[in-house]
Every structure is written in structure tokens, then in C-alpha cells.
Number of protein chains: 2
Amino acid sequence: MTYSELSEQIVQKQSYLCVGLDTDPRKIPKYLLTEPDPVFTFNKAIIDATAEFAVAYKPNIAFYEAQGPRGWESLQKTLDYIPDACFSIADAKRGDIGNTSDLYARTFFDAEAAGLSFDSITVAPYMGHDSVMPFLAYDGKWVILLALTSNVGSADFQRQSIGEQELFEKVIETAQTWAGPDRLMFVVGATQADELSRIREIAPDNFLLVPGVGAQGGSLEDVSRRGLTAAGGLLVNASRSILYASDGTDFADKARHEAKILQREMAQYLADYQKK
Amino acid sequence: MTYSELSEQIVQKQSYLCVGLDTDPRKIPKYLLTEPDPVFTFNKAIIDATAEFAVAYKPNIAFYEAQGPRGWESLQKTLDYIPDACFSIADAKRGDIGNTSDLYARTFFDAEAAGLSFDSITVAPYMGHDSVMPFLAYDGKWVILLALTSNVGSADFQRQSIGEQELFEKVIETAQTWAGPDRLMFVVGATQADELSRIREIAPDNFLLVPGVGAQGGSLEDVSRRGLTAAGGLLVNASRSILYASDGTDFADKARHEAKILQREMAQYLADYQKK
């Protein structure tokens, strides 16, 4: 999916909601566990219920890996089921030396390899440019680089000062020499909304993938007021608050309801942005 | 495996060789491709051929993931086949917010989850302490934290100055407040041997996992002279130079030969260290 296609989706749906598919067999409604593939059955219902309000889906790869080979089959089926009009994100946080990142890129981008062809993947920056470039070698695919994450541990290294900058700013500036905003997004946690204005100064056009609204306590309003751009510029992720809104037979309806509330709020911020 | 058990293995085998199982179906001998599980057949032969000379095995998870569900089955069988006396490393470079690192830890440490129970896993430090602690929650399991990697891109962020230190030193110092040398190792590339003396000052007792000898051009001698400790303190990895020493029917013999050459050289450095 291109930058402008993603931007158009946001206008059309009046939403920049990304639904995080952190699907945990221990948390989904018990009655689904008798299904042949409970994780896929759950994801399918969640996607059907939320596709009207979401522009992106983000399977968190850890949740699938933890199921072994079976988990990879659930992941393949889930990705196939995500509507083409929605942006797909492999939340994998990979990154290794070149020949190994090459293989991670094949895994998540080349359907011939592991049956997966995501639009994008999250990547950790610690190992530098040659750990990231193999992902950018895939035409039309996106890298979403960790910059300032939502967890407390982000203070340990990301907030350390390097000259006049903090490490996360150095990451954002350096990475922009590797690819333009049409191929590169950054992860910025919703709990870090105070830094969003600074981030917009150094990355005015990049989309930001923002987890941490909901269960982690970030504010959608703060993120939106500081992060929105003319092209949209945000993908705000919600996982647990949507997936586990109910553990009964009404789980999909409740998920739909939660997604709709977020979409309505987003429509308001988009309208406010237009008026600015 | 405990610190002293690992140390004893090193004395017993007079080796600190780790064999990296970066098994690529495109590179293994062609005649193996008719086997039901060519990757496992290849790994089994490599392990049989090298176990006398190696104290550790390190499957590079990217190579298995890139095969989809089938790859995870090859990985399970390979791990089961690694002798108990050898230290096993999941080279996965994972790291995410707590609830997600939890699942990665389950994947690689808890056999009940994905059928895998490695002794250790490589972890990326960028997200800080709460992304690493879930791996340390597994009694007796090890975290091998990226510090100063072997690739050119290590200069981009790892070598940036934070006050008097560089980022990789900050990582090594900070991580030592999370766990002792009985649970925590660091990755230091063999191409970074110049920094090994500095690293030994701040991490005198931690084992270092050292990739980059062989195909990547690092010197085993430089690494050994600067990195060895009384307990051994090094696991030096070789992958491609052993695995792909031949692409014919003699691949296992040639792998054995390469492993033996490295072991002999290591025995010499261990003897030299004792004389110091």
C-alpha cells in the first residue's frame, strides 16, 4: 500500500485506527477453544466486526510464535483474511546483520517463503543501517522503526543524551537518510505524547505507529492534537481494549462497539485538524 | 545449564566453539533436498560431526522462520537433537513491551508452549529493562544481550557517545543491574576486538558471545587474547565457515575438519591463558 492510498483510507473511513491482533488463546472466549483453529476463528470475527472502523491490522508475532507451527498457520490465515484495503503490520521487532535481516524480510514480505506478505514490519534500530536496509529492498513494503516506545524501560537507553539530542531523536534523524516517508514510519508510544511535538519537527511527514492507548494508559486526544498531519500521519493502535472487551459470545459486538467509539473520536480530531 | 557447568565443558573439550546453525535450504547439499526434512537432516549430520569440538549450538531463528510452519518443526527437532551437555542459544534478537516479551520467553524457554526449551536467547536492548526482565523470570535460563555487534551499522547508534561512555558501554553497565554473570551474557562482534579490553573492564566475569569469526573477517586470536577469563568467558561462534565447508556428500566431514581446526586453536589460547 502506498502513502497516498493509506492517506485516502484515513479520509474515507475517518479513522486512523489500527487493531492490534495480540490474540492469546488463554484470553479468548472459552467456547471458541473447541474450534479447529480458535485463534483464527477469533481473529476472523474481530476483523469482520471492526473493518468498517479500522485502517490497519497489526498481528503481534509473539502471540503466534508462542503456539509453535500451529501459530504460524493461524497467522497465515489471519493475514489472508485482512481486507486488501487495510494496511497490514507484522509487529515483529526484528533486526539482525544483513544476511539474517534478509531472511526476516523474506519471511514477512515474500509469500513464497513462509506464506506471508505483510505491507510492513516493525524493526529495532540498535544494529544500525545494514540491519534495516534488507527490509527496504522489498519494493513497496514499509519499515516501521522503533523510536520512542510506550514502556517505562524506554528511559533506559532511548532517552539518553547524545550531544544535543536524545537517542530516539538520533534514530529518527539517521533513519531518514535511509528512506523517505513513503517507506518509513516510526513507533512512538502514546504514553510519550509530550515528545510528539518535537518528533513532528524532525519527522514532519512520516506516519507514526502509536501503541499504548487503552490498556497502557496513553491519551488519544493528546496524541491526535500533536501528531496528526495533512496526510493523516498517525496509526493509533488498540489491542486489548478491543479484543477482550467481552469474554462471552458477544465478544465481536463488544469489539465493534469499542472500535466505533475510537473511530468517532478520531473523526472529531480529523475534523478539528481540518479547521486549524 | 549453569555458569560452572558451562565453564567445565570448556575445560573438558578445550573449546569455546559455538556452531551457528544458520541452515539455508538454498545452500545445503542438493542431494539432501529429497529428504522429508532436509534442514533437520543437515543439522543432525552437522551436530554429529562437530559435537566433540563444540560447547554450544546456536540456531539462527530467521532461517527457520523463513520456512514457515515447517521451519518451526525443523527447529524443534534440531533443538531436541542438540546434546544436553551443550549450551543451546536461540539467536532470535527479540525484545518488546513486558506482556509481549513474556510470550517470546514462553516461546523459546517453555517446552509446553511451542515445543522449545533453549538454555538462552539473544535479546535486543533498545526497549530497556522491562523488555528484558520477562526472559530472566525463567529460572536457570540466560539472556544474551546485544552490546557491540559485528556489522558496520554498529557505528550508527552503539558507538554514539553518551557522556563519557558509548551506548554499548551504557548497555553493558546498565544490564548488570538486572542480572549477574550467571544469567547474563553479551554479544560482542569479533570485528570489534579492539574494544574487548574495555569491555572486560566493565564486564570482567560475563560470558561474551562472539560472532563474526570466519565469513565476517574477525580474528580468533585477537578475540581470545583479550576476551578469555579464568572461567572461559567466551563463546566464539562460527556458522557459514563450518556449515558450508563443502556442498558435496562430504559436507559433514569437512564441517568436522573446520570445527577441529578452530578447537585446536582454542586449546592453544586456553593453554596460553593458564600460563599468564
Side-chain angles (χ1 to χ4, degrees), chain A residues 22 24 60 62-63 65-73 76 91 93-104 106-108 110 113-116 124-133 146 149-158 160-163 167 170-171 174 189 211-212 216 240, chain B residues 22 24 60 62-63 65-73 76 91 93-104 106-108 110 113-116 124-133 146 149-158 160-163 167 170-171 174 189 211-212 216 240:
Chain A
D22 299 18
D24 187 336
N60 181 332
F63 287 74
E65 272 194 7
Q67 306 298 311
R70 206 165 36 122
W72 282 82
E73 285 163 18
Q76 289 166 340
D91 193 2
K93 304 196 170 67
R94 299 298 193 262
D96 207 313
I97 62 168
N99 81 319
T100 303
S101 274
D102 254 347
L103 284 224
Y104 282 126
R106 283 188 63 211
T107 303
F108 293 102
D110 178 354
L116 302 172
Y126 190 74
M127 294 182 67
H129 67 274
D130 49 353
S131 69
V132 177
M133 299 314 283
L146 299 186
T149 57
S150 57
N151 62 321
V152 210
S154 62
D156 290 336
F157 308 120
Q158 298 166 25
Q160 292 293 323
S161 293
I162 294 178
L167 175 59
K170 178 85 187 167
V171 166
T174 306
Q216 294 180 62
R240 289 171 268 182
Chain B
D22 298 18
D24 186 337
N60 182 332
F63 288 74
E65 273 193 7
Q67 306 299 311
R70 204 164 38 122
W72 282 81
E73 284 162 19
Q76 289 166 342
D91 194 3
K93 302 196 171 68
R94 300 298 193 261
D96 207 313
I97 63 168
N99 81 319
T100 302
S101 273
D102 254 348
L103 283 226
Y104 281 127
R106 284 187 63 211
T107 303
F108 292 103
D110 178 355
L116 302 171
Y126 190 74
M127 293 182 67
H129 68 273
D130 50 352
S131 69
V132 177
M133 300 313 283
L146 299 185
T149 56
S150 57
N151 61 322
V152 209
S154 62
D156 290 337
F157 307 120
Q158 298 166 26
Q160 293 293 324
S161 293
I162 294 178
L167 174 60
K170 178 86 187 165
V171 166
T174 305
Q216 293 181 62
R240 288 170 267 182

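Per chain, numbering begins at 1; letters A, B, ... match sequence-line order.
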query = Contact part of B:T174 toward chain A, heavy-atom cut-off under 4.5 Å: side chain, backbone, both or neither?
reply = side chain
Quick one: of [options], who has the most non-hydrogen atom pairs under 4.5 Å with chain B?
options	result
A:A113, A:G115, A:P69, A:G71	A:P69
A:N60, A:D102, A:D22	A:N60
A:D110, A:L116, A:V171	A:V171
A:Q67, A:E73, A:R94	A:R94
A:A114, A:G68, A:G128, A:A62	A:A62

query = Looking at residues at least two apart in the chain, or sitting in another chain, which of them share a side-chain contact (heavy atoms from CB on, under 4.5 Å) with A:A124?
reply = A:L146
task = Go through the structure and list residues passing side-chain contact (heavy atoms from CB on, under 4.5 Å) with B:N151, not counting sequence neighbours.
result = A:I97, A:M127, A:D130, B:T149, B:S154
Just give me the residue among [options] that pairs up with chain A most often, heavy atom to heavy atom, under 4.5 Å.
options	result
B:F63, B:F108, B:F157	B:F157
B:R70, B:Q76, B:M133, B:K93	B:K93
B:D91, B:D24, B:N99	B:N99

Need one label for [X]: side chain, backbone, both or neither, based on atoms under 4.5 Å from any heavy atom in chain B.
X	value
A:P125	both
A:S150	side chain
A:V132	neither

Non-hydrogen side-chain atoms of A:L167 and B:Y126 separated by less than 4.5 Å = yes
task = Measure the shortest side-chain to side-chain distance between A:E65 and B:E65 over non-hydrogen atoms and say whether it is less than 4.5 angstrom.
result = yes
